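See structure below.
Since this is a predicted model, take the numbers as computed values, not measurements. Numbers here are sequence positions counted from 1.
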Amino acid sequence: MKKLLVYPFTKELCPLARYRNLLNEYELIAAIPPKGFGWEGKDACEIDGGAPTGFIPGGTFSDELKRSDAVLLASGVQNTEKEYAEYAELARASAKELVAITSNTMPEQEIQTQMEPILKEIPVPVIMVMGLGENCQKFDIQLGLRDAFIKEGYRVSQFGTKPYSGLFGVHPMPEAPGTPLWKRVHLYNNLFWETCQAEKPDVLIVGVPGGIMPVTSYAHERFGETALALTHAASPDITVLSYYHVVPTNEYFEMLRQYARFRLGAVNITFHASNTGLITDGDTHTLSYLTLRSQFVLDETARDAPDMLPYLFNSLIPESSGPAYQNIIEKLQQNVCVI
């Protein structure tokens, strides 16, 4: 296992610490947060708002570089092009591997391939993880599900929503910019089918990038088009839908269920209570995200809507997420002919 250093360590990269036991080929030994946030020397849970992880970010780049084999340099707060170039040069001069994170675009030859008229049937159960928008902990859910299925002895094929998904042995979800919706459905369907043929999994977990509907008139989340393409490419047997922090009600859940069912064909929905508060600014047409403590979110639900608590979970609290993942596994186990 190569010893991995990450800089700058932000909320976007917290899954690397929280699920570091799932990393392939790398052992996360150091992560340096950007200056000015007060995250040094504190558990990574101070960044993502979840339960303690046992991983403490901090240190200096030069010191941590000496005991590392590989370096992941990510774009982030206060990470200027000059600083990035300097650190990359230091890593090269020290003969360290530079771990690249790049966007994953479908090869042009695949996009131009003639599509078959009939979609292929995906031969294994499909679990889709989607959210109302960005910063809903979708990737945390994907990794939590992966861990749960692997521990039960199942083979998992998976497509993730982060560019660094490959560090966990997960295929990054490829994009096909400028490709018509109907063709993307065929491309994803063929990709999923070929992956199942090659990897022979027991289950396919698909992370849906972006949101399933417009958040506001200026943050339209591609109008949920990516979610539409993916759910048509591989009809989900179980759907995990993550929502921004609200005090949930039966009416709210029913609205989401009806939308997911009739717009996306998504059924058997498990709801995820993210610890992200969405803040909209109509004057500047911008969104911002407030990270809350996950336990606060669950406690508030228990206080204001206790009848809702059994029907949702938070991925960053093991006591909440563990039973939810086990429940999903048991639902699929009831259909013994497919899993």
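- Proximity of V206 to I127: side-chain heavy atoms (C-beta onward) are nowhere separated by under 4.5 Å.
- Side-chain atoms of I47 and T10, non-hydrogen and from C-beta on, never get closer than 4.5 Å to each other.
- Salt bridge annotation for K151-D147: present, with a cationic side-chain nitrogen under 4.0 angstrom from a carboxylate oxygen.
- With a 4.5 Å cut-off on side-chain heavy atoms, I150 and V156 count as touching.
- Other residues, nucleotides and ligands contribute at most 12 non-hydrogen atoms within 6.0 Å of the OH atom of Y311.
- Residues M255 and L312 fall within the same hydrophobic cluster, defined by Ile, Leu, Val, Met, Phe, Trp and Tyr side chains chained together at heavy-atom separations under 4.5 Å.
- The heavy-atom pair separating D63 from T60 by the smallest distance is OD2-OG1, 3.0 Å.
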request  = Begin with the C-alpha distance, continue with both residues' side-chain angles, and end with the deciding distance and a verdict on side chain to side chain donor-acceptor pair (under 3.5 Å) for E12 and Y164.
outcome  = CA-CA 10 Å; E12 176 75 8; Y164 59 84; 5.3 Å; no

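- Using a 4.5 Å cut-off on side-chain heavy atoms (C-beta onward), P163 and P172 make no contact.
- Ion pairing between D48 and K11 fails under the 4.0 Å rule for side-chain N and carboxylate O.
- Taking both residues in full, the closest heavy atoms of G50 and C45 are given as O-CB, 3.3 Å, listed atom of the first, atom of the second, then distance.
- I56 and V6 are not part of a single hydrophobic cluster, where members link through side-chain heavy atoms under 4.5 Å apart.
- Of all heavy-atom pairs spanning L143 and L22, the tightest one is O-CD1, 3.5 Å.
- Between V215 and L278, the closest side-chain pair of non-hydrogen atoms falls below 4.5 Å.
- Side chain to side chain, Y325 and E152 fail the donor-acceptor criterion of an N or O pair below 3.5 Å.
- Atom CG of residue L181 and atom CZ of residue F223 lie 13.5 Å apart, to the nearest 0.5 angstrom.
- Defined by atom type and a distance below 3.5 Å, a donor-acceptor pair is missing between the side-chain atoms of E330 and Q334.
- Annotation for K120: atom NZ counts as buried by contact number, over 12 foreign heavy atoms lying within 6.0 Å.
- Atom CG of L16 and atom OG1 of T53 lie 11.5 Å apart (nearest 0.5 Å).
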task = Begin from the C-alpha positions of S294 and N275 and carry the test side chain to side chain donor-acceptor pair (under 3.5 Å) through to its verdict.
result = CA-CA 5 Å; S294 291; N275 68 350; 3.1 Å; yes

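- Ring-centre distance between F168 and Y26: not below the 6.0 Å cut-off.
- Summarising the geometry, atom NE2 belonging to H186 is positioned 7.5 Å from atom CG belonging to N189; distances are rounded to the nearest 0.5 Å.
- Expressed to the nearest 0.5 Å, how far CG of N268 lies from NZ of K331 amounts to 5.5 Å.
- Considering only heavy atoms from C-beta on, R18 comes within 4.5 Å of L316 through its side chain.
- For the residue pair E254 and N250, no side-chain donor N or O sits within less than 3.5 Å of a side-chain acceptor on the partner.
- Using modelled atom types, one finds no donor on one side chain facing an acceptor on the other under 3.5 Å when comparing Q137 with S315.
- Within 6.0 Å of CD in E121 there are 12 or fewer heavy atoms belonging to other residues, nucleotides or ligands.
- Checked against the 6.0 Å centroid threshold, H272 and Y243 do not count as a close aromatic pair.
- Hydrophobic clustering, with ILVMFWY side chains joined whenever heavy atoms are under 4.5 angstrom apart, groups F253 together with L298.
- Atom CG of L264 and atom OG1 of T239 lie 8.0 Å apart (nearest 0.5 Å).
- The number of heavy atoms from other shown groups lying within 6.0 Å of CZ (R67) is above 12.
- Closest approach of T226 and P209 over heavy atoms only: CG2-CD, 4.0 Å.
- Looking only at side-chain heavy atoms (C-beta outward), L167 and V99 come within less than 4.5 Å of each other.
- Across every non-hydrogen atom of C14 and A44, the tightest pair is SG-O, 4.1 Å.
- Separation of the F271 and F313 ring centroids does not fall under the 6.0 Å cut-off.
- Across A227 and G211, no two heavy atoms sit closer than the pair CB-O, 4.3 Å.
- Ring geometry for F61 against Y87 counts as parallel: the plane angle stays under 30°, on a 0 to 90° scale with 60° as the upper cut.
- Interatomic distance, CZ of R155 versus CG of D202, reported as 4.5 Å (0.5 Å rounding).
- The hydrophobic cluster containing M308 also contains I269, counting ILVMFWY residues as joined when their side-chain heavy atoms lie under 4.5 angstrom apart, directly or transitively.
- Using a cut-off of 4.0 Å between Lys/Arg side-chain N and Asp/Glu carboxylate O, K2 and E25 are scored as not salt-bridged.
- Looking only at side-chain heavy atoms (C-beta outward), V124 and K200 stay at 4.5 Å or farther from each other.
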